[in-house]
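The figures that follow rest on heavy atoms only: side chains count, while hydrogens, waters and symmetry mates do not. Indexing begins at 1, ligand by ligand and atom by atom, following the structure's order.
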Amino acid sequence: MIPAAFDYVRPATVDEAVAALAKAGEDAKVLAGGQSLIPVLRLRLAAPSVLVDLGAIPELRRIRADGDRIAIGAMAPHHEVLHDDLVREHVSLLARATETVADNQTRHRGTLGGSLAHADPAGDLGGVALALDAEFVIVGPSGTRTVPASEFFVDYFTTALSEDEILTEVRFPRYTGWGSHYEKFNRTAQSWSMVAIAAAVRVDGGTIAEARVGLTNMGTTPLRATGVEEALVGQPATAEAVRAAAERVTEGTAAPSDADAAADYREHLARVLTGRAVLAAAG
Ligand SMILES: Cc1cc2nc3c(=O)[nH]c(=O)nc-3n(C[C@H](O)[C@H](O)[C@H](O)COP(=O)(O)OP(=O)(O)OC[C@H]3O[C@@H](n4cnc5c(N)ncnc54)[C@H](O)[C@@H]3O)c2cc1C
C-alpha cells in the first residue's frame, strides 16, 4: 500500500533534528533505516504528518572508543556494527547478535538505534544492551540525558524516548577478553527470534567469574536472567553446572503464546538455549 502523505525533512545536525521534531509536534516521526517504520506507514498503521530523516547527520553514524566504553552512533547500520574492529574486540556479544539480524540487505539499511528505539520484543539487540549494561544517550528540547538499559525498555514497543527526543548514541562498557555467544531459535533462516539467549562470561581458571545473560522474546520487553547469572558465578564451566544454572532462566519472565510457539514451549527453549549459549561463551 501507499503511505498517507507526509512532509519530509532531512536535517544536517542533531540540533536541527530536535528543532524539526519540536516544530512538527506529536505528529512527527524519526526515520532511521526505515526497515520497520516504512512497512508500518505502508500498512497505514501510522500516518505521521512529518518524517525527520536522520540519514544526513554523519556524527550519528560514528563508532568510537570513549574511555572505558565503546560508543556507537544510533545511525550506525547493523552491517557496520558487526564488522567494526572495536565492537568485535570489546563488545563481541553485540557483533554476534547483530550478525543474526534479518538478511544482508536489511543489515545494510537498518540501524542499531532504530532497532532499539523500535523495541520489538522479538528484536535481537535489546537483550544484548540489557545484559551488557549499555547506556542510551538521548537528546531533546531540554538537553541531553543518559538512560541505563534497565530503564530504557518500558513495555511492548515502548521505550523511555519521548516523541520529541532522539536517541543519538548507545554506550557499551568494554568486555575485553570475555567469551560470548548468541543462541537464536527461529523457524526459518533470517527470520525473527522465537526465543534467543545472549550470553557473555568471564572464565578464570576454569571457573565462571562473571556472567551476563539477556533474553529475547520472553516477555513484552527484553529481559535479563539475573537468576542464571547469580547461579553461574563461582561454578566450574562444565555442562552439568551450566545446565543446572540454566534451569533458573524462566524466573521473572512472561513468555508470550502466539502462532509461532506456546509459552511453555518458549520456556523449554529458553532453558536449552541458555545452556548452549553459556557453554559456547565459556569456550
Ligand atoms: C525482512 C526483515 C527482517 C528483520 N529481521 C529482524 C531480526 O531477525 N531481528 C531483529 O532484531 N530485527 C529484524 N528486523 C528489523 C531491523 O533490525 C530494523 O533495522 C529495525 O527494526 C529498525 O531499524 P531502522 O534503522 O530501520 O529503524 P526505522 O524503521 O527507521 O525506525 C524504527 C522506529 O524507531 C524510531 N527511531 C529510529 N531511530 C531513532 C532514533 N535515533 N531516535 C528516536 N527514534 C528512532 C522510528 O521513529 C520508528 O518508530 C527485520 C526487518 C526486516 C525488514
Could you check whether any side-chain N or O of [X] sits under 3.5 Å from a backbone N or O of [Y], counting only pairs where one atom can act as donor and the other as acceptor?
X: R266; Y: M218; value: no
X: H108; Y: N104; value: yes
X: E16; Y: A12; value: yes

Do ligand 1 and L161 have nitrogen or oxygen atoms that lie under 3.5 Å from each other?
no
Would S115 count as a polar contact of ligand 1, with the cut-off being nitrogen or oxygen pairs under 3.5 Å?
yes
Show the nearest heavy-atom pair for residues A211 and V201, with the distance to one decimal.
CB-CG1, 4.0 Å
All heavy atoms of A160 vs all of V147, minimum pair found to be CB-CG1, 4.3 Å
Carboxylate-amine/guanidinium contact R88 E99, below 4.0 Å:
no
Select the closest option to atom 1 (C) of ligand 1 among T98, L116, D103, T216, judged by heavy-atom distance.
D103
Can a non-hydrogen atom of K184 be found less than 4.0 Å from any atom of ligand 1?
yes
A46 touching ligand 1 at heavy-atom level, < 4.0 angstrom
no
Quick note on ligand 1: atoms under 4.0 Å from a heavy atom of G110 include exactly 19 (O), 25 (O), 26 (O)
Ligand 1 atoms in contact with Q35 (distance to a heavy atom under 4.0 Å)
18 (C), 19 (O), 26 (O), 29 (O), 53 (C)
Partners passing salt bridge (Lys or Arg N to Asp or Glu O under 4.0 Å) against D260 (at least two apart in sequence or in another chain):
R187
[X] contact mode with ligand 1 (heavy-atom cut-off under 4.0 Å):
X: N186; result: neither
X: T106; result: side chain
X: H78; result: side chain
X: S191; result: backbone

closest protein heavy atom to atom 15 (C) of ligand 1 is W192 CH2, 3.4 Å
Without placing hydrogens or testing angles, list every side-chain donor-acceptor pair under 3.5 Å for residues 269-283, not counting sequence neighbours.
{"residue": "T274", "atom": "OG1", "partner": "A270", "partner atom": "O", "Å": "2.6"}

